[in-house]
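Start at 1 and go down the list; that is how both ligands and their atoms are numbered. One-based numbering along the sequence shown.
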Amino acid sequence: MPPGILRSVMSFDPENYRKDFPILGRVIHGDRPLVYLDNAASTQRPRQVLESIVDTYENHYANVHRGIHQLAQDADDRYEAAREKVRAFLGAAALEEIIFTSGTTGGINLVARCWGDANLREGDEILLTEMEHHSNLVPWQQLAARTGAVLRHIPLTDDGRLQLDALEELLGKKTKIVAFAAVSNVLGTIAPAKEIIRRAHEVGAVALVDGAQSVPHQKTDVAELDCDFLALSGHKMLGPTGIGVLYGKRELLAAMPPFLGGGSMIKEVHLDHFSPGELPGKFEAGTPPIVPAIALGAAIDYLAGVGLEAIQRHERQLTIRAHEVLGRVAGVRIWGPAPERKAGIVSFTMDRIHAHDVAQLLDRQGIAVRAGHHCAMPLHARFGVSATVRASFYFYNTLEEVEKLGEALEQLKDVFRPRKKVAK
Ligand code: PMP
């Protein structure tokens with residue numbers, strides 16, 4: 001490893017950041033310090049993001065895009081400044097390509113409705129993968145039902161990688177869109193996004209990236225990826241709930257009809273018809289999530305300060321340690337690829353103990369994990385399990401917290417150990 005990289009690996013100290021997150025200081029069930037390992041569901045927020053919310057409401061709040069008074073101008077400036085922060089963060093070419101949405105789900109539904117309804121016909125194919133979140137399955141199933149298009153799926157290997165050799169057979173002239181998660185929210189699998197997008201373009205299909213689990217954890221450059229659409233959620237990257245982003249190439253967005261109808265998305269309205277407004281307002285009908293968007297800008301500032309490369313490296317260390325620690329607990333099975341091929345998401349099952357019981361018992365130790373199907377029922381069906389326990393990391397997690405998870409699982413295993421019958 002070159003010395004520079006070694007130094008930066010060694011010098012990353014989550015404690016430098018934990019002090020910014022008031023909630024990480026919480027104590028659970030009386031005396032257990034919180035170990036928050038549910039970041040794939042939602043991350044926590046630093047003081048800087050919380051202060052942004054308070055500051056906007058206390059000093060700069062008004063509705064946007066309508067008023068001519070000073071506060072309206074303030075709110076407008078901040079809302080549009082947040083759009084610029086998102087644009088730069090994602091490497092997008094133009095502000096018109098950044099649409100504020102309610103989240104990843106909102107973004108994917110927008111594309112399925114507006115691009116999908118306009119471009120898909122009976123017999124056309126939509127290519128997804130077996131590892132998708134329901135947010136990247138159901139909108140396409142609904143689109144298929146509306147249009148008669150056919151759904152196809154890139155299969156997974158037994159260790160949870162995408163079988164790219166299947167693309168040969170799956171991609172063809174009928175494929176109109178390929179939509180996939182850049183990182184699986186269950187297995188942590190990192191998809192070879194650039195290659196999938198290139199292959200999609202070769203057959204004339206467009207490519208949508210579900211960036212919910214990738215954008216918060218690894219550097220994302222939409223120009224380099226050359227994706228046509230990318231959706232993300234603010235609450236998974238230090239921002240508030242209720243805000244997300246859809247990136248779309250300008251020419252695609254410009255050709256799409258609007259999604260929701262209402263204020264702000266129009267040029268002119270008559271009693272019996274309207275003409276749509278310009279991008280990005282065309283896709284932001286009604287009062288948008290003004291304060292959450294501004295706070296997302298603060299979250300991006302914070303993430304840029306930490307550095308996406310450093311975040312990814314630290315999370316890799318946590319994931320490697322998690323595999324070591326969990327691998328030592330008898331009866332634990334980790335699902336998904338080796339740590340080198342995945343993001344900071346470790347899902348596992350334990351022999352004879354249901355995932356919900358594991359999560360509940362970990363909670364008693366102050367350890368927050370998630371149990372269930374994680375909105376990926378087909379993925380769980382693929383592996384023949386109904387539920388897994390998921391530990392998911394962010395840059396503020398420590399190696400000690402990962403050790404605590406291992407120790408707690410050891411104890412838990414003992415609680416469930418079958419007792420020998422004592423002869424009476
Ligand atoms: N896709 C993936 C991969 C996710 O992990 C999630 C959230 N769990 C979503 C989509 C949906 O995100 P949201 O609920 O914020 O819309």
Visitor: Does ligand 1 have an atom under 4.0 Å from some heavy atom of Asp210?
Guide: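 Per 4.0 Å heavy-atom rule, Asp210 contacts ligand 1.
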Visitor: Identify the heavy atoms of Arg321 and Glu403 that sit nearest to each other, and give their distance.
Guide: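 Where Arg321 meets Glu403 most closely, the heavy atoms are NH1-OE2, 2.7 Å.
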Visitor: For the residue pair Phe229 and Trp115, categorise the inter-ring angle as parallel (less than 30°), tilted (30 to 60°) or perpendicular (more than 60°).
Guide: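 Rings of Phe229 and Trp115: perpendicular, as their planes differ by over 60°.
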Visitor: Taking the six-membered ring for Trp and the full ring for Phe, Tyr or His, determine whether the centres of His314 and Phe393 are under 6.0 Å apart.
Guide: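 Centroid separation for His314 and Phe393: 6.0 Å or greater.
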Visitor: Is His235 close enough to touch ligand 1? Criterion: a residue heavy atom under 4.0 Å from a ligand atom.
Guide: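 Yes; His235 lies near enough to ligand 1 that a heavy-atom distance drops under 4.0 Å.
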Visitor: For atom 4 (C) of ligand 1, what's the nearest protein heavy-atom neighbour? Residue, atom name and distance, please.
Guide: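 So the nearest neighbour among protein heavy atoms is His133 CD2, 3.3 Å.
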Visitor: Return yes or no for this condition: an N or O of Thr105 is under 3.5 Å from an N or O of ligand 1.
Guide: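 In this structure, Thr105 places an N or O atom under 3.5 Å from an N or O of ligand 1.
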Visitor: Among all protein heavy atoms in this structure, tell me which lies nearest to atom 5 (O) of ligand 1, with the distance rounded to 0.1 Å.
Guide: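 Going atom by atom, the protein heavy atom closest to atom 5 (O) of ligand 1 ends up being Gln213 NE2, 2.6 Å.
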Visitor: Can you run down the ring-ring contact (aromatic ring centres under 6.0 Å, His included) pairs that involve residues 282-307, sequence neighbours left out, and say none if there aren't any?
Guide: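 For residues 282-307, and leaving out neighbouring residues, the ring-ring contact (aromatic ring centres under 6.0 Å, His included) pairs sorted by first residue read Phe21-Tyr302.
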Visitor: Val245 and side-chain contact (heavy atoms from CB on, under 4.5 Å): which partner among Ile98, Val215, Thr104?
Guide: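 Checked Ile98, Val215, Thr104 against Val245; only one passes side-chain contact (heavy atoms from CB on, under 4.5 Å): Ile98.
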Visitor: For ligand 1, note which part of Lys236 has a heavy atom under 4.0 Å away: side chain, backbone, both or neither.
Guide: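 It is the side chain that touches ligand 1; the backbone stays farther off.
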Visitor: Taking the minimum heavy-atom distance to atom 13 (P) of ligand 1, which of Ser233, Gly103, Ser392, Gly242 ranks first?
Guide: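 Residue with the shortest heavy-atom distance to the ligand atom: Ser233.
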Visitor: Does a donor on one side chain sit under 3.5 Å from an acceptor on the other, for Tyr396 and Asp20?
Guide: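 On atom types as modelled, these side chains do not qualify, holding no pair under 3.5 Å.
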